[in-house]
2 protein chains.
Amino acid sequence: MAMSKVLFLPDQKNVEAEKGTTIMEAAQKAGVYINSLCGGNGVCGRCKVQISGGRVFADKDSIGLLSKDEIKEGYVLACKAKIDHDMEVVVPPESRLEEEQILMGEGIMDYSRPERLLVPKVPADPLTFFEPISQKIYLELQPPSAGDNTSDADRIIRELRKKTDYQDFKIPLHCLQGMAMKLRDNEWKVTATISRNNNSWLISQIEAGDTHDRNYGMAIDIGTTTVVTQLINMNTGNVEGAAGSHNLQAHYGEDVISRMIFACDAEQGLDPLHKAIIKNINNLIEILTGKKGIDKEQITAVVAAGNTTMSHLLLFLTPCSIRLDPYVPTANIFPRIEARELGININSNGILETIPAVASYVGGDIVAGVIACGIADHTETKALIDVGTNGEIVIGNNEWMVCCSASAGPAFEGGGIRNGMRATRGAIERIKIEDNKLIYRTIGGSMPRGICGSGLIDCIYAFVTNGIIDNDGKFKTSSKNERIIERDGERQFIVAYSQDTETGKDLTITESDIANIIRSKGAVFAAIKSLADYVGLKFKDIDTFFVAGGFGSYLDIPKAIGIGLLPDIDPERIRFVGNSSLMGARIALLSGHTLDRAKMIANGMTNIDLSIYHPFMDEYVAAMFLPHTNRNLFPSVKY
Amino acid sequence: MAMSKVLFLPDQKNVEAEKGTTIMEAAQKAGVYINSLCGGNGVCGRCKVQISGGRVFADKDSIGLLSKDEIKEGYVLACKAKIDHDMEVVVPPESRLEEEQILMGEGIMDYSRPERLLVPKVPADPLTFFEPISQKIYLELQPPSAGDNTSDADRIIRELRKKTDYQDFKIPLHCLQGMAMKLRDNEWKVTATISRNNNSWLISQIEAGDTHDRNYGMAIDIGTTTVVTQLINMNTGNVEGAAGSHNLQAHYGEDVISRMIFACDAEQGLDPLHKAIIKNINNLIEILTGKKGIDKEQITAVVAAGNTTMSHLLLFLTPCSIRLDPYVPTANIFPRIEARELGININSNGILETIPAVASYVGGDIVAGVIACGIADHTETKALIDVGTNGEIVIGNNEWMVCCSASAGPAFEGGGIRNGMRATRGAIERIKIEDNKLIYRTIGGSMPRGICGSGLIDCIYAFVTNGIIDNDGKFKTSSKNERIIERDGERQFIVAYSQDTETGKDLTITESDIANIIRSKGAVFAAIKSLADYVGLKFKDIDTFFVAGGFGSYLDIPKAIGIGLLPDIDPERIRFVGNSSLMGARIALLSGHTLDRAKMIANGMTNIDLSIYHPFMDEYVAAMFLPHTNRNLFPSVKY
């Protein structure tokens, strides 16, 4: 095999790559992350890199999506350009996503700060009382005697019954093996790890001496884009630390659909996707335990929440039939397993629970969100709106719940928007125009690299209230704003000038970006409206609207109402909750009862398939206007 | 390492053995079985072999237990004699136990003949209704559609609910993995294997097409001496075949105590004992499936019954604390496991259930016997007497049960008796003296090799009723019987003359043999009497006495009463049931409800520790007489 040397900058990583392989493949080999939305099909243009030395084999596939200037500067698409000679490749900022850039949600729900789960030990509120799914109980056993020669196993169970409120314990074989010596060598003083399994408790581990204070759990939100974890002290419920990273599956496709295609069309495509998420999780475990000096063996339980496809990939279940009509997953309720079965590096008998899903497109992340927002816990009707590539809506109370999923497009996560980006460092997250002056703020206060969801909402709101665009999202021909330019055959608005940006290029919003955002907000609103109509509710009948999603660390609710994304109700009744999936996973970890209820919630939720629910399309068309074709729905919006 | 060649006869097996190793070790290497009672300590004298060529290094340990004649003929103890030169070793008949010699119980309970479990599908008798613990259900699933897009897992469970009476199903991860393709590749026609797990059913396997008629189970009785199995058709309950072999653990000690010592004193002694029984079971699986042309993958469940130590060794649990005061096992209730965890070669998701034990010396074999005899199923009080090295007694009914275990010694299994042997080919099993003429019958009709339990009982009865011995078991000086001789300083009775025997030596019963048998029968009777007294019952209050044990294929009940082994009641109320442990295991395999009840039986049985129950010793002393010191207890015995 003829090999070429490739140096990736600015990472300074060298790799030998076979001639004829793509730059993307070489980058994967080198451990360099390059963005990709389309999974290497050369259609999203997100993986552009600059050849700063050597030569590359570039055909029309590898430059087709680039501007003339970019081609002149040596840019190619990493997924299509093939290696032919030794070369030097610069991965520009907009094509990078560094680990440390992932927002853990600080400032949203305070995930990363130690936090006490505010539930009493005594089930005053029986719906989420504190009962971690994995507990360590220190036992000082009475040694056996002629008058008390019950078996070792029964002796342990007897003492556990005294020390806990639980009756039904089971000891698996691996725990019985070697147990006799462990008891006798340690003068009958041992710590039992017990973990909830349906209605009984499994004794999964016997440790010498008193180790009960060394018991941790992990909550994981497996997002399509990012994987976020929390390390939880199982005795106190405190969050000891948080860590996140981008989902390594992105190498094989940025969105859920392209990963499903990879899993099903590539030969043994499921395997790399499964391994990628396991690697993600193990990396995050390393980071969290390393920071705290905690032994991985002390992590005894993991609860993971993700959309149905992510949960399938985690468990090595094929997602192929999820993608195809009639959209059937292998399972919605996932078995409790030992984490080592999947190669997850925690205690060798530690357990993994996966939050159950409702259907192919309403996953465990939504069920976790329902838990976090307490939607199933109260008589008042509440709603959860999770805005991502799919917008999922749940409306319900303690008696009934309905949900639906609408294809919103990735606009609010920065996808499909020329200078859109996820809510990471350098993203413009807030924008306002005051006295004709544009003011913005970036995440981390650094130079802007792009605009995230909350910034885009602010933008559209500023444009329409300042007469820059019409209610149909087109730039007003009457507007004389100097920032409106015509470039690459399209009208666009310069949000940040090249001299102020990290990329050294203007950050603009084009007319087609605006159309994308309107389509997204229209789909979300139409879904909310359709679902409310389906159950015969007016918005005023809904007590609280919880809004979750990756908009950024801050979502300006009145502006989200102003562009017609959220219903026009008292903004006080709308609460932005950030990563409700992670929060639900943590609650399930700390409350076995809640974990059990997750199955009831998943089973009990009625899923409305909008693709065959005709009123949705009419609602969608009506919502393609700022704020809405029917102004009566937005009485408070005055522009 | 200096090596010597050893040829074992009559097996014609050659082996190279290191100089200084014992003949026993070389035999194990060669796969030649040599008896051993003491586990190689040179104290039982059961492993004697004859050196027919070459030389051997023999010291006083290796010949100490032998007679002068034997030493002259070149006999040594295989466990002590060390290899020094090339040699030829004859393993004499009395030191061999060949696989094919194990009685499967034919003629006792008809285990080996196809047999229908006589329980109706509808629980007319709810105590043992037919509900195999592992079932195969053929499913023709409705393919998913837009109006019915429940998950694959729920689709299967829904259909299983329709096809069975069960509601609660769980699917483990390994079964979900790959399931989507299996369903779609086979047009939604599959067979689910479901196995009982507490109160729910686990879907352990999905096979393409209709395989429901290929479902087998194995019942195993793990005796200290022999391992006996039955292959069961799980659809019909028929016994498709039976196979038995000696317990390969005998290499490490013949009885339970010597194996416990080996497991605990030898470095990693548990491992070879565990591996030996697994090898036993796999060998028997090979034999049974080979005979019937059945794929091992079609065996989906195994139920094993054994004493507490055998169950521990099967499950790789240390038996060390069972042996030591206060006699505590690791567990009495054993977890349900996947058979592959232990390396048992059945279906890769097949299950192993082990019948629970009551205490260290009342094991799962007794609980299985209680099941087989229906002791816990009826209002009438019944008793089970299992005679082995320990005699275990259970008395009870559907409301209460008590049990005890008495050290009876191995006499009735041929142990501790000069010419005693187990009930295998060549064993004299019946003896009578009519008109001063002694008549005997051997198992298999072959030349006699020794005398088994039933033969010994017949013998003692014949001696005492013909005035050959006194009521205290001594040969009457007045008796002029020509078969009574004095040899090796002891009086003995020739049962078979040398010209008629396979060994070419007289088969005799010595005065100390008779004393051993009286001690054994005395211990068993005293235990029965003590237990009946403990619960305040007279023998007449006990509806039926079931007698189990390895006496042979036939036990003459009136003679067993006549020597004072069994209580003097109407012989019609005493039933010899042979291997009740195997029968109980089979019933548990075919009736999950019964398997569950086994735990209740084991937990509910009160174990009386005779070693601290003072009346027992008085009863024991009183029973050291033929039939008993208190003749009032044996009114019908007239000699």
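In the text below, chain A, chain B and the rest are named by the order of the sequence lines, each starting its count at 1.
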- Item | Inter-residue atom distance A:Phe334.CZ - B:Leu173.CG, 0.5 Å rounding | 10.0 Å
- Query: Are more than 12 heavy atoms from other residues, nucleotides or ligands located less than 6.0 Å from atom OH of B:Tyr534?
  - Reply: no
- Query: Of the backbone (N, CA, C, O) and the side chain (C-beta and beyond), which part of A:Thr150 lies under 4.5 Å from a heavy atom of chain B, both, or neither?
  - Reply: backbone
- Note on the structure: Per-residue tally against chain B (heavy atom, under 4.5 Å) across A:Lys170, A:Met179, A:His174 peaks at A:Lys170
- Nearest heavy-atom contact between A:Pro326 and B:Ala146 is CB-N, 3.6 Å
- Examine whether an atom of B:Pro329 lies under 4.5 Å from a heavy atom of chain A, and if so say whether it belongs to the side chain, the backbone or both; otherwise answer neither. both
- Message: Is A:Leu342 in contact with chain B via its backbone, its side chain, both, or neither, using a 4.5 Å heavy-atom distance?
- Response: side chain
- Message: Would B:Ile171 and A:Ile333 count as a side-chain contact (heavy atoms from CB on, under 4.5 Å) here? Give the steps.
- Response: CA-CA 9 Å; B:Ile171 312 192; A:Ile333 310 289; over 6 Å; no
- Query: Is the count of non-hydrogen atoms from other residues, nucleotides or ligands lying under 6.0 Å from A:Asn603 atom CG greater than 12?
  - Reply: yes
- For the atom pair NE2 (B:His312) and OG (A:Ser151), what is the distance rounded to the nearest 0.5 Å? 7.5 Å
- Note on the structure: Counting heavy-atom pairs under 4.5 Å with chain B, the top scorer among A:Leu176, A:Asp154, A:Asp148 is A:Leu176
- Heavy-atom pair count under 4.5 Å with chain B, highest-scoring of A:Thr318, A:Ile156, A:Leu317: A:Leu317
- Note on the structure: Checked A:Val328, A:Asn332, A:Asp325 vs chain B; the most non-hydrogen pairs under 4.5 Å come from A:Val328
- Query: To the nearest 0.5 Å, how far apart are CE in B:Met181 and OG1 in A:Thr330?
  - Reply: 10.0 Å
- Gap separating the CG atom of B:Asn197 from the CG atom of A:Asn198, nearest 0.5 angstrom: 9.0 Å
- Step through the shown structure and confirm whether more than 12 heavy atoms of other residues, nucleotides or ligands are within 6.0 Å of NZ on A:Lys275. no
- Message: Only pairs of heavy atoms separated by less than 4.5 Å count here; which of B:Arg155, B:Arg184, B:Arg336, B:Glu341 has the most with chain A?
- Response: B:Arg184
- Can you find a heavy atom in the side chain of A:Leu270 that is under 4.5 Å from one in the side chain of B:Gln177? no
- Note on the structure: In terms of heavy-atom contacts, B:Pro172 and A:Pro335 come closest through C-CG, 4.0 Å
- Item | Which atoms of A:Pro144 approach chain B - backbone, side chain, both or neither, heavy atom under 4.5 Å | both
- If you round to the nearest 0.5 Å, how far is CG of B:Asn149 from OG of A:Ser360? 7.0 Å
